[in-house]
Structures are given as structure tokens and as C-alpha cells.
Amino acid sequence: MGVEQKLGNMGIVTTSLEDLVNWSRTNAMWPMLFGLACCAIEMMAAQASNYDMSRFGMELMRASPRQSDLMIVAGRVSRKMAPVLRRLYDQMPEPKWVISMGDCASCTGVFNNYSLVQGVDEVVPVDVYVAGCPPRPEALIHGVVTLYEKIKGEKFLDRVEQK
Amino acid sequence: MNMDTKLEPIVQALQEKFNTSIEEFRSEVHVFVNPADIVSALTLLRDKYDFELLSAMTATDYWPQQSPRFHVIYQLSSLARNITIQLRVPVDGVDPKIPTATGVYDVANWRERELKDMFGIIPEGHPDPRILLLPEDWGDKHPLRKDFPLGYEEVQFTFNFEDIDLRKPYAKE
């Protein structure tokens, strides 16, 4: 593709540091296992061999928040689970992103009651919302690719707190 | 009277011993028992008439149409005889209490904790009266009562989208 043309005789590629860092972040993003309800089945289906998410860098899903950088909140979050969710989100190291998968995580879907958190963005800041009940694996992959495009446009100063 | 022939002597015995009233629906029998007699009724049914299984223990709220407000429902099944019977205990709305059935059936342990959370019906003598389903800092409201509000938040349509958006508690970093 374009790499051989840029290499020339010297074998050197030049790019900007931000592009390189964002490229490397998108190409090996490991999600954290956070399947709560029915959307978890579709997340598993997206990870399995038919709709493979390993093509997009998500080779495996880590159960530990310390070793992952993406949290896919898949399913209903109840009020009892919300502090647990926040604690796990706080334990993930920067840089971290959140995909809210399905209707129940984005806006509680059909459940408008006392026991569910009305949209997981009351608990953690969300980057991409994937709609569907449950979203098809292709829809989740589209959400992941949308997140990658968002990351490719990120600058370093976005993640630095301005005093 | 189209109840099961195997049930008839059992219902008869309950009526003689505990002065109950019954209600029938198709082939089901609901026996109304006083709260003070419920443990002896359950023990009698379990020991003498082989009702080994407490299939369900729930409650219903009939506010404001009926008083007493709650009916605690015990659904017992006998696998040996292939019959089921339902005991109903009317409980008042002010200070609702029933004697615990954990001595008779172990499964009533969690069922009574659930009743305590959802309705506020306190089981007296329960060995472990902790909160089961609701969060620990829930407070005093009981969700399955009829005077608990049904929905939770206002629905966001296009005409009130920005208003609700400004009021919603979003999480910062």
C-alpha cells in the first residue's frame, strides 16, 4: 500500500506522534468483560468466530479492569450494581473508553422503574452508544469502529486536565 | 364443588381445626387462615398430609379496595399425592406481621426476607432478617405495595428533550 512508497530506499516511515499513538491504541484494544444481561450474549456472539472481533484488535476479553482499556457495558445496570460499576471503571488505567451497548445501558430501554439506573451515563462517562435490543453483532462492531474513528481524531491535550 | 377428591378430607380437617373459610376457583382451593394459626396449619399439612414442598410464598396488596390489605399466600404441593393447596393469611396494613415459617419449611427463609423488602411484612422470629433484593441504603419504601409510584423518571420526547437533558445527573470523569 502506501507504506512501501514512503519507505523508499532507507526503510524509514515518518508520521506524527499523535497518529502513531492513536493507531496503536485502536489496533490492540482489550475490552473488559462486563456483560450483565441479554446483550452479553450478543457480545459473545460478536467475539466468536462468525462475527470475529479479533479482526479489530480485540483478541481477548480481560476479566480484570487493570488489564483492559475498553469497558463495554452490555445490559441493564441495577441500582445495587451501580457502585460496583463505578468502582471497576475507576480501577481501569488511563486511557479508557466506555461503549454503552444496547438500549438498557443507554437509556434503560423499556424499563422505567425504581430498580434500574436510567442510562449508564449517570454512572460512567460514555463515548459511544450502540442502540438495539439487543444490537446485532454487526451493530456492535459498527459501534467499535465508530469508537476507533473517534480515537483517531483525539489529541494529547484532551486527556490532560487543564488547571 | 369441583375440587379434587383427595383434597376434600384435608380441607375438611383444616376447617374443623382452625375455623377457616375457603374459596374455590375451578379445581383450586384457597383456604383463609388466621395469622396466629398459620404455623400449626403448615406443620399439620407437612407432617400428616405429606405436603413436602412450599412451592411459592408471596403476598398481594388489595389497597384500597379491601381491608385487611395484604394477603400472604402459601402455595403448598404434595408430590406424593399430586395435589396442591393454597393458604391465604389476611394481614392488616398498619404494622403488618406474620409468624415465621422457617421452622416448618427452610425455603421460607428467603421468601420472607423478600416479603419484608417488597411489602414491609415483618416475619416474627426470623433467624436472619437482612435486606435481600434491595440495596442496603434503600430506606423505608416498599416497592410492591399499591401506593408505590409505578414509573421512575419523565419520558424524554422531542418537545421536552433539552429540559430533561439539563436536569439529568450525568457522570463527569
Side-chain angles (χ1 to χ4, degrees), chain A residues 34 36-37 65 69-71 73 76-100 103-129 131 150 154 157-163, chain B residues 57-61 63 69-70 93 96 109-122 128-173:
Chain A
F34 215 78
L36 295 167
D69 35 17
L70 171 68
M71 178 191 245
V73 184
R76 304 175 287 270
V77 182
S78 64
R79 294 221 174 257
K80 228 169 159 179
M81 187 67 180
V84 176
L85 175 69
R86 182 71 211 187
R87 178 175 278 201
L88 288 175
Y89 175 77
D90 290 335
Q91 285 178 348
M92 285 165 70
E94 286 279 345
K96 56 190 171 190
W97 297 273
V98 176
I99 287 183
S100 151
D103 283 345
C104 286
S106 316
C107 62
T108 336
V110 291
F111 305 111
N112 187 1
N113 57 21
Y114 62 91
S115 65
L116 296 183
V117 171
Q118 304 292 319
V120 81
D121 46 14
E122 285 188 13
V123 182
V124 293
V126 176
D127 293 296
V128 172
Y129 300 85
K150 180 179 176 185
E154 269 188 5
L157 285 180
D158 293 342
R159 297 220 162 243
V160 173
E161 284 180 25
Q162 308 289 345
K163 292 277 175 20
Chain B
M57 182 174 152
T58 56
T60 341
D61 189 6
W63 185 83
R69 174 182 184 180
F70 298 116
N109 196 322
W110 275 28
R111 302 278 175 264
E112 284 172 353
R113 280 169 71 183
E114 183 189 347
L115 280 191
K116 180 165 175 276
D117 278 352
M118 291 285 144
F119 287 94
I121 298 177
I122 300 181
D128 194 11
R130 290 178 291 164
I131 282 200
L132 185 71
L133 300 170
L134 297 169
E136 285 93 16
D137 48 353
W138 177 253
D140 220 6
K141 293 264 157 218
H142 298 286
L144 280 183
R145 293 189 175 189
K146 287 283 191 281
D147 43 357
F148 192 83
L150 194 57
Y152 187 77
E153 70 166 5
E154 201 182 335
V155 183
Q156 219 176 8
F157 295 103
T158 39
F159 68 89
N160 55 3
F161 192 86
E162 278 97 25
D163 299 337
I164 296 184
D165 213 24
L166 294 169
R167 279 185 281 151
K168 223 164 129 58
Y170 287 114
K172 323 291 183 303
E173 258 308 304

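- Considering every non-hydrogen atom in both Lys80(A) and Pro135(B), the closest pair reads CG-CA, 3.7 Å.
- In terms of modelled atom types and a separation under 3.5 Å, the side chain of Asn113(A) and the main chain of Tyr152(B) share no donor-acceptor contact.
- In plain terms, the two heavy atoms of Lys168(B) and Gln118(A) that are nearest each other are NZ-O, 2.9 Å.
- Contact of Leu150(B) with chain A is made through the backbone alone, with heavy-atom distances under 4.5 Å.
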